[in-house]
Protein chains: 2
Amino acid sequence: MEPVAPSKKADRQPTSREQQRLETRRSLAEHAIRLFSEQGYYETTVEEIAAAAGVSARTFFLHFPTKAAAAFPDHDARVQDFITRLHAGAPHTNPLSQLRSALDTGFEGESPSRLVRYRLLSEVPELRDEDARTDRDYEKAIAAYLILHWGESIETEVRANAIANAVIGVVRATLSAGGAYGIDPRAATAEILWRMFGSPFEDPLHSV
Amino acid sequence: MEPVAPSKKADRQPTSREQQRLETRRSLAEHAIRLFSEQGYYETTVEEIAAAAGVSARTFFLHFPTKAAAAFPDHDARVQDFITRLHAGAPHTNPLSQLRSALDTGFEGESPSRLVRYRLLSEVPELRDEDARTDRDYEKAIAAYLILHWGESIETEVRANAIANAVIGVVRATLSAGGAYGIDPRAATAEILWRMFGSPFEDPLHSV
DNA sequence: CCATGTAGGTACAGTGAGTGAAGTTAATAC
DNA sequence: GTATTAACTTCACTCACTGTACCTACATGG
């Protein structure tokens, strides 16, 4: 339909090979999540997932480093998005309020299928571990961003890491504890962070 | 030497069987940590650890659920200690300042061998995961303690969990980031928590 | 449009963590 | 002194994950 002049660099149409690879990956992740929730994580073997996706078991590991990783197929993309949002603010924005708005928009991207994953997540240690690694990537991103704005020094490094861990801790808690009661994580996170950090998280409150 | 009248309940001398079991466990953990740091985590097999301790590989798993768990043999006892300290305060102590003092004393129990573990810990994902599970136990303990003092409600539950996660996040960050620079974790944690939570963590500062 | 490199996949064989079951021995209980 | 049972062993098994060699179809440039 749309013949493409192949260009040396990026931004051309994906080639047939690339599409096929992505499709295989997507299919593996989809069947993995489906099987995990239908029959349980431990009751599902990698062989089974691969078979459902119509590839060999070996191929599974060409796409995901571990069985658990297939439950978080868009992890890297989400972290990248977050980092982009984090650095997207006007030059002299207060970094904490920029952080807050990056977190806020982050909640909006939650797909409904995430809910399925949350259930699995709370039950299966391997998946909790995988999710915790996710958190560490966010923490690193936040710490790096804060250090960038506050300047490099031992003191800021420790402070930045502490704040990053604390913030992600609050987000995780409101998502899991709050999620169980149908509380809006955006409002809860904002309120708690506001009490902890004061003004930068204060206003506007974006409350529900 | 000391013949013991066996009593039905606790607090008698440990029997020979109990002693043997503890000794096997201790030996397994010791050799595990030694081998992990001498030749690397992935280069050490459970078989090897068991052989070094003079038992069969199967026995290893009668003492530890996973290979990684052997690197944290005193985990449960430490958490128990922490919980005890947490609830040891005078009846109407401010829960946050009680939390703070429980954390403070916690740092003192650090054995020198912990340092070896920290190095391993930062390098090996499996051990990081194991440590993160540790953190979750502390978080649960803190959240439960806060809820106990603040009363049960959805709001306090979310808040308590958020604060617990945040506090542990700060501790983890000061231990790992601060540890690299030889910063005293007690002082750094106290200072950061003080800025975050204000008065309850304020005074006395216990600075180095 | 053809030659050729290569990306995505397969087949096979292996390692090592972790589990279930049945058996051995020696401390303990009665 | 006999019966229990806790700690351990042996054996056989499953399954996650890896290394290697190979295959095949798409891609690319001459």
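Lettering of chains follows the sequences in order, A, B, ..., and the numbering in each one begins at 1.
Distances shorter than 4.0 Å separate none of the side-chain N or O atoms of A/Thr59 from OP1 or OP2 on C/dG8. Taking 4.0 angstrom as the limit, A/His63 places a side-chain polar atom (N or O) nearer than this to OP1 or OP2 of C/dG9. Dashed line: the shortest gap from a side-chain N or O of A/Thr66 to OP1 or OP2 of D/dA16 is not under 4.0 Å.
In this structure, CD of A/Gln19 is placed 13 Å from P of C/dG8, rounded to the nearest angstrom. At whole-Å resolution of the value, CD in B/Glu43 and P in C/dG16 are 11 Å apart. As rounded to whole Å, 12 Å separates atom P of C/dG20 from atom CZ of B/Phe61. As rounded to whole Å, 11 Å separates atom P of D/dA16 from atom OH of A/Tyr42. Rounded to an integer number of Å, the gap from B/Glu48 CD to C/dA17 C1' is 14 Å. Note: CD (B/Gln20) to C1' (C/dT25) measures 13 Å, nearest angstrom. Separating the NZ atom of A/Lys67 from the P atom of C/dG18 is a distance of 13 Å, rounded to the nearest angstrom. Here the P atom of nucleotide D/dA7 and the CZ atom of B/Phe60 are 17 Å apart, to the nearest Å.
Formation of a donor-acceptor pair under 3.5 Å by the B/Ser97 side chain with backbone atoms of B/Thr93 is not found in this model. The main-chain N or O of A/Ile147 is never found under 3.5 Å from a side-chain atom of A/Thr156 such that the two would form a donor-acceptor pair.
For A/Leu62, the side-chain atoms get nearest to C/dT10 when compared with the rest of C/dT10, D/dA16, C/dA17. Among D/dT9, C/dG9, C/dA17, the nucleotide with an atom closest to any side-chain atom of B/Val55 is D/dT9. For A/Ser56, taking side-chain heavy atoms from C-beta onward, the closest of the listed nucleotides D/dT10, C/dA17, C/dT10 is C/dT10.
Side-chain atoms of B/His149 and B/Asn94 include no donor-acceptor pair closer than 3.5 Å. In the model, A/Ser27 has no side-chain atom that pairs as donor or acceptor with a side-chain atom of A/Thr24 under 3.5 Å.
Partners of B/Arg133 under the salt bridge (charged side-chain N to carboxylate O under 4.0 Å, His left out) rule, at least two apart in sequence or in another chain, are A/Asp129. Evaluation of the salt bridge (charged side-chain N to carboxylate O under 4.0 Å, His left out) rule for A/Arg172 yields A/Asp135, B/Glu139 as partners, not counting sequence neighbours.
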List the protein contact pattern of nucleotides 19-27 of chain D with one symbol per nucleotide (5' to 3'): B for base contact, S for sugar-phosphate-only contact, - for none; contact means a heavy-atom distance under 4.0 Å. BB----BBS
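Taking the centre and axis of the six-membered ring of A/Tyr41, the NZ or CZ atom of A/Lys67 falls inside the cone set by 45° and 6.0 Å.
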